[in-house]
Structures are given as structure tokens and as C-alpha cells.
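Structure first, commentary second.
All residue numbers refer to positions in the sequence shown, counting from 1. Please read all numbers here as calculations on a predicted model, not as lab measurements.
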Amino acid sequence: MLDLTRVLAGPFGSQILADMGADVIKIERPVVGDDARIFGEPYLRDGEGRPTRENAFYLSVNRNKRSVALNIASTGGQALIRELVKSCDVVMENYKVGDLKRYGLDYESLKAVNPRIVYCSVTGYGQTGPLAGKPGYDAVFQGECGLMSVTGVPDGKPGAGPMKVGPSIIDLFTGLNVANAILAALYHRDANGGEGQYIDIALLDCGVSALSHYAQIYLTSGEVPVRRGTQGNGGMPTSMFPCSDGAIMITSGNDKQYVALCDAVGHPELATHPRFHTNVLRVQHRDEITEVFNAIFATNTVDYWLEKLGAAGIPSGPINDLAQVFAYPQAVHRGLRARAPHPLKPDLDVIRSPLNFSATPITDYRAPPMLGEHTAEVLGEVLNLDEEALARLREQGVI
């Protein structure tokens, strides 16, 4: 698989496939590399504590890949890509619409080289439409797709206004769709005569799709959903509740859970309250019931309430920062931190893949590659180029 994508959405999608065993050959610009390499601190530090060019952003989405430093703007680089495509199943790219056509590396050109190729383009707005040529990044799409309109403090409350989600979540949704689409296209190819196809993935499309029930609320009723802070959209009370030493998140999803919640917090009378005794009523009086439970939970600690709620079977948990996440007993048990020895840091940890297979478990993690780390290896292995040929390509600035 040739991966010509950069930054986050495309690389996250190809990393999912790499985790599952795909041989992902990451094509990077010589000297500069993937744009993500220069996105700033924190950088991996070498044995003497000096920062390197390997930063956390790049490390997060490039494990289990091989890096080839190759100049696709050169005719020699384009020729090498076409040769590599002959033995590849998949090509991924996230260049601007039409950019790769001028290099002869678009789908139609590479399909002529290998009709079995599955070619996936990842762009902000898709290959067609009035905004097709417009560049875009995750934060822009969080606004455009509607995510920010339903995220943040509600109107009328202190600090009200739309809020960006912390992680680049539209990029990550897009990467998931990329991996799924490629697997489906490969299955179709192998089950239906061997012909590849073209896949057009847009961040805007993926962002709107990810809004799921929020978007469906609008399509069903014409009602535009509003920001609710940490409150849930359905079962109530669902919210973050401040305690005397922190905060907890609770979901009371149905009437049975609500009765158990009232008993657990020592206020069984709330179960028959005339404005709260059914979920429909609790949703109608969401702010009032939230304030009632705010006052209750403020009287004791996080640990006290989580013990009470856990014993009553109420879905609840702490508000963890990432240091707490990786020390969380369940996260430790699930092995969410995996070791991927790096040339600059033998004890480098990465995030374990969330995919768990009984017959083909993902157990080995190779560190995200350094720029051009596998250039000679891949070109020698796939194209049978010897040291003399590689030296000529280096002299020409191709690799």
C-alpha cells in the first residue's frame, strides 16, 4: 500500500490498516517529510535529552509503516511511484483536487498501470462541488459541519458559545471511514472479478455523518439542536456533576436507573417528584433537575459518590486527565499503552489499537518511522534496485 497522505486524517486511516498487517509504504518529501513532523512540541528526545524532529503529533498516526523519502515532483520520482504501483493494492493521497494529475499520479493514470488498484483520495470538500478546490483543516470543519454548534456552554449561561472539541475529531472520523472504505473496496475487488475502484472521501461529509442523531433530529423535526454543555440529549439526569473535590459524569438513561439513582444518593422522594417521575418530564425540566443533583453531589467527594453509584449500577465515572487515564485500572488491564521501540527511544510507548481479534490479535507495534528510514529497503525489496542505482537517484535528488 502506497500512502501519499500527510498530517492526520489520511495517516490515521492508513495506520489502522498497518496495525492490521498491511505493508504501508509512506511516501514523504526528502529533507522536509510529512508536514506533521514540524507541528511543534513536544518532540521525542534522544539519549542525551536533546529534542529531535520526531514530534508527538507525527508519532500518533504513523506506527507500523515504512518511510520512503521520494520527490514526486521529479520525473524520476513519478516513474518510481508508477513502478511501485504495479505491485500495490492501494494508493492513498490527500493532495488538492487535481494536483496529482499533473504528475501522472491520478487514479486514471495509475489504473492504466494496475487495473486492480484501489485509489483513495482524501480532501476537505470532495472532488466535486463549489468548494472542491478549497483547502481546509479539522478546526474549520468542526465549525462547518455543525459540531461546534452543538458543543459548548448553552446560551444564557456564563461562558456561553460554540466550542471546538479538543482532539482533531473530524480528521479521526475521516480516518476511520478511509480504512472502512478501503477494506470494502478490496473485498469487492477480490469477490467480483478483480477490478479496483476510486474512493472519494471528504472531511465535510465525514463530519456531518458523525453528527448522527443530532443531524437526524434536524432532518426528522426541522428543529435545530442546541448546545447543552455536558447534559445528555436523551435520558436525564445526564451531566457532569461537581463534587467537593472534583467532578463525575453520570448517565441516567431510563426510569429504572433514575429510581436507583435517587435511592443511591439518599433522596428516594425525587423518584416520585411530580416534575421528575418520568423521563419525558425530566427532559422537559432538564435544567431544574440538574441543579437539584448539583446540590446533592457537591456535599461529598468523587470517590464517595462513585462507590455509591457503582453499587447501585448507575453508569458513572471520574473526569480523568490523560495521566489518570493511563493509570486507570481498567485501562491498565486492557493494555492501552503499548511498547514500540524507536531508534531514538527504545522504551517509546504508543496507544494500543482498540481492535481485538481472537484469531489474529494485534501484538507487535513498530515505531513510527524516521524520515526515509526505509527508502533503500523498500526500493531494493520491491523494485530490485541495487546500491549503484540508489546512489544515482540520490545524486539526482529523486530520493
Side-chain angles (χ1 to χ4, degrees), residues 1-7 10-11 14-15 17-18 21-38 52-54 58-59 61-96 98-121 182 186 194 196 340-344 364 366-399:
M1 172 179 176
L2 285 186
D3 182 6
L4 281 70
T5 64
R6 302 145 294 166
V7 189
S14 60
Q15 178 175 266
L17 299 173
D23 181 12
V24 177
I25 300 170
K26 183 177 180 67
I27 305 298
E28 300 191 67
R29 291 175 294 172
V31 182
V32 178
D34 186 329
D35 293 345
R37 292 184 181 275
I38 57 171
T52 68
R53 67 180 301 165
E54 311 299 310
Y58 171 84
L59 294 173
V61 289
N62 286 291
R63 63 174 179 251
N64 289 331
K65 303 178 187 179
R66 297 197 283 176
S67 171
V68 171
L70 189 156
N71 181 10
I72 68 167
S74 68
T75 55
Q78 294 155 20
L80 287 176
I81 293 291
R82 283 188 282 271
E83 286 301 310
L84 289 168
V85 164
K86 291 179 181 178
S87 57
C88 283
D89 293 293
V90 178
V91 172
M92 288 178 56
E93 61 91 7
N94 65 345
Y95 285 76
K96 291 180 183 178
D99 258 16
L100 291 184
K101 188 171 184 178
R102 60 195 172 115
Y103 297 146
L105 301 180
D106 57 305
Y107 173 61
E108 292 300 330
S109 298
L110 297 186
K111 178 184 177 182
V113 174
N114 179 359
R116 290 175 55 82
I117 202 73
V118 169
Y119 189 113
C120 181
S121 292
I182 287 172
L186 289 171
H342 190 281
L344 300 176
D364 296 323
R366 288 180 286 111
M370 298 175 68
L371 176 58
E373 181 179 343
H374 304 99
T375 302
E377 175 183 294
V378 170
L379 296 182
E381 174 188 309
V382 181
L383 302 183
N384 296 315
L385 298 184
D386 57 22
E387 279 302 322
E388 184 178 345
L390 293 171
R392 285 197 302 271
L393 290 170
R394 291 190 190 98
E395 291 173 5
Q396 296 165 2
V398 174
I399 62 174

Subject >> Qualifying residue for salt bridge (charged side-chain N to carboxylate O under 4.0 Å, His left out) with Glu28, from Arg6, Arg37, Arg66 >> reply: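 The passing option is Arg37.
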**OP:** Applying side-chain hydrogen bond (donor to acceptor under 3.5 Å, both in side chains) between Arg29 and each of Asp34, Asn71, Asp35, report the one that passes.
**Re:**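 Going through the options one by one, the only one that passes is Asp35.
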What I'd like to find out is whether the side chain of [X] reaches to under 4.5 Å of the side chain of [Y], using heavy atoms alone.
X	Y	result
Leu385	Leu80	yes
Arg82	Val85	no
Ile72	Leu100	yes
Leu383	Leu84	yes

**OP:** Identify the two heavy atoms, one from Tyr103 and one from Ala73, that lie closest to each other, and give their separation to 0.1 Å.
**Re:**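 Minimum heavy-atom separation between Tyr103 and Ala73: OH-CB, 3.8 Å.
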Subject >> Nearest heavy-atom neighbours spanning Ser14 and Met92 >> reply: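 Here Ser14 and Met92 meet closest at CB-SD, 3.8 Å.
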Rounded distance (nearest 0.5 Å) linking atom [atom1] of [X] with atom [atom2] of [Y]:
X	Y	atom1	atom2	answer
Ile81	Leu2	CD1	CG	5.5 Å
Ile38	Arg53	CD1	CZ	8.5 Å
Leu70	Ile27	CG	CD1	5.5 Å
Asn62	Thr5	CG	OG1	7.5 Å

**OP:** Please say whether more than 12 non-hydrogen atoms of neighbouring residues, nucleotides or ligands are located less than 6.0 Å from CG in Asp364.
**Re:**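 It does not: Asp364 CG has 12 such atoms or fewer within range.
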Subject >> Contacts of type salt bridge (Lys or Arg N to Asp or Glu O under 4.0 Å), residue Lys86, not counting sequence neighbours >> reply: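 Lys86 satisfies salt bridge (Lys or Arg N to Asp or Glu O under 4.0 Å) with Glu83 once adjacent residues are dropped.
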